[in-house]
**Q** 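Dumping the structure here so I can ask a few things about it.
We name chains A, B, ... by the order of the sequence lines, and we start the count at 1 in each one.
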2 protein chains.
Amino acid sequence: MSDSPACIPLEELLPTELFKALGDPNRVAILCDLCECRGGPKTVSELAAELPVDLSVVSRHLGVLKRARILDAERNGKSVQYTVRARDLVTILRALADAIDNCCPDPADRDQPASKPTPTERRHGPAEPSRTSQP
Amino acid sequence: MSDSPACIPLEELLPTELFKALGDPNRVAILCDLCECRGGPKTVSELAAELPVDLSVVSRHLGVLKRARILDAERNGKSVQYTVRARDLVTILRALADAIDNCCPDPADRDQPASKPTPTERRHGPAEPSRTSQP
DNA sequence: AGCACAATTGCGTCAAAGTGCAAATGTAGT
DNA sequence: ACTACATTTGCACTTTGACGCAATTGTGCT
């Protein structure tokens, strides 16, 4: 039991709520729609116009995406503008990719569990622990 | 070409099945367990020993993860060895992060909802392609 | 073939989630 | 205050998914 896993707690990087939110086609469509305007905001009505479901359903989906820290909401007069939390999302995804990469270097290399010929440290991203603070 | 969205089809990078598979805590636990042995294989029984659910349930979860291209299964005698498709996963996650990064330049600029002074300027990532090529 | 062990699958049950409609809430303008 | 418009929420209904148990399949051994 003294064998160190050399593996950061992956479970913390796999927030179930985030992926559950990404597991619905309508929510994915919303996210894509929002991304396609370069991060620009869109209202519920605008988003709902692109989907075959009721506006109330879109509002609920937006709520789920907001709770999953994927979107941000901000009132602007009568309407509510939704935007993608692109930077946080990218950070989380890269951190997760780095963690998996770090845990499972390469199936061809796992003959020697203790020595790594190519120490796959992060050579692309800082893999910062994300700045999303939980209220 | 001037009004190109500069946005690759995000929807193709957001496979619902993958995220749906990642949206269950038991499946996440399985994935973490599998990652913690550096990509080494584990059998259904070994995986099930770590979870409070029935072995048949674990087998079903494994099937979901396999269908989502997250795990690979291979028979080895009487048992079946499951491994993480780490390289594919990392590739997908990085590609998705790159795509989002590419689509939404910087959320800090969204204070001005109607005017974007520097739409081409990015300050954090060139959106490099993933390092592991995968067919 | 018969037996033991490992994994998958069929079936029923139950909880969670998606959806639409109608009502309620919030906001701006008259 | 009233009205118009935008969004959210309450209340059903339906579908999807997770779970346990039992039965089935697959494999190796005697």
**Q** Might you point out which heavy atoms bring B/Lys42 and B/Leu34 nearest each other, and give the distance in Å?
**A**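 Where B/Lys42 meets B/Leu34 most closely, the heavy atoms are CB-CD1, 3.5 Å.
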
**Q** Whole angstrom is fine here: how far is it from CD in B/Glu74 over to P in C/dA7?
**A** 14 Å

**Q** What are the residues of residues 18-25 of chain A, sorted by number, that bring a heavy atom to within less than 4.0 Å of DNA chain C?
**A**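 Under 4.0 Å from DNA chain C: A/Lys20, A/Asp24.
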
**Q** Of all the heavy-atom pairs spanning B/Leu10 and B/Ala99, show the shortest one and how long it is.
**A**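 Shortest heavy-atom contact: CD2-CB, 4.0 Å.
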
**Q** I need the minimum non-hydrogen distance between B/Cys32 and A/Leu14, along with the two atoms involved.
**A**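 Distance-wise, the nearest heavy atoms are SG-CD1, 3.8 Å.
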
**Q** How does each nucleotide of nucleotides 24-30 of chain C score, in 5' to 3' order, for protein heavy atoms under 4.0 Å: base (B), sugar-phosphate only (S), or none (-)?
**A** --SBS--

**Q** Would you sort out whether A/Asp101 and B/Arg94 count as a salt bridge (Lys or Arg N to Asp or Glu O under 4.0 Å), showing the intermediate values?
**A** CA-CA 11 Å; A/Asp101 200 10; B/Arg94 293 217 173 109; 3.5 Å; yes

**Q** Is any side-chain heavy atom of B/Ile92 closer than 4.5 Å to a side-chain heavy atom of B/Leu13?
**A**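 Answer no - side chains too far apart.
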
**Q** If you take all heavy atoms of A/Ala97 and B/Val90, which pair is closest and at what distance?
**A**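 Smallest heavy-atom distance, with atoms named: O-CG2, 3.5 Å.
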
**Q** Where do B/Arg67 and B/Glu17 come nearest, in terms of heavy atoms and distance?
**A** NH2-OE2, 3.1 Å

**Q** Counting only N and O atoms by type, is there a donor-acceptor contact under 3.5 Å from the side chain of B/Glu46 to the main-chain atoms of B/Thr43?
**A**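 Yes.
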
**Q** Does A/Tyr82 put a side-chain nitrogen or oxygen below 4.0 Å from OP1 or OP2 of D/dA6?
**A**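 False: A/Tyr82 side-chain N/O out of range (4.0 Å or more) of D/dA6 OP1/OP2.
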
**Q** D/dA6 P sits how many Å from A/Glu46 CD, rounded?
**A**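 Computing the A/Glu46:CD to D/dA6:P distance gives 10 Å.
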
**Q** What are the residues of residues 53-69 of chain B, sorted by number, that bring a heavy atom to within less than 4.0 Å of DNA chain D?
**A** B/Val53, B/Asp54, B/Ser56, B/Val57, B/Arg60, B/His61

**Q** Closer than 3.5 angstrom, by distance alone: can the side chain of B/Arg75 be matched with the main-chain N or O of B/Lys78 as a donor-acceptor pair?
**A** yes

**Q** Apply the test side-chain contact (heavy atoms from CB on, under 4.5 Å) to residues B/Val57 and B/His61: give CA-CA distance (whole Å), side-chain angles for both, the deciding distance (0.1 Å), then the verdict.
**A** CA-CA 6 Å; B/Val57 174; B/His61 282 314; 3.7 Å; yes

**Q** Could you give the CG-to-P distance, from B/Leu51 to D/dG20, as a whole number of Å?
**A**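 Interatomic distance, CG of B/Leu51 to P of D/dG20: 10 Å.
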
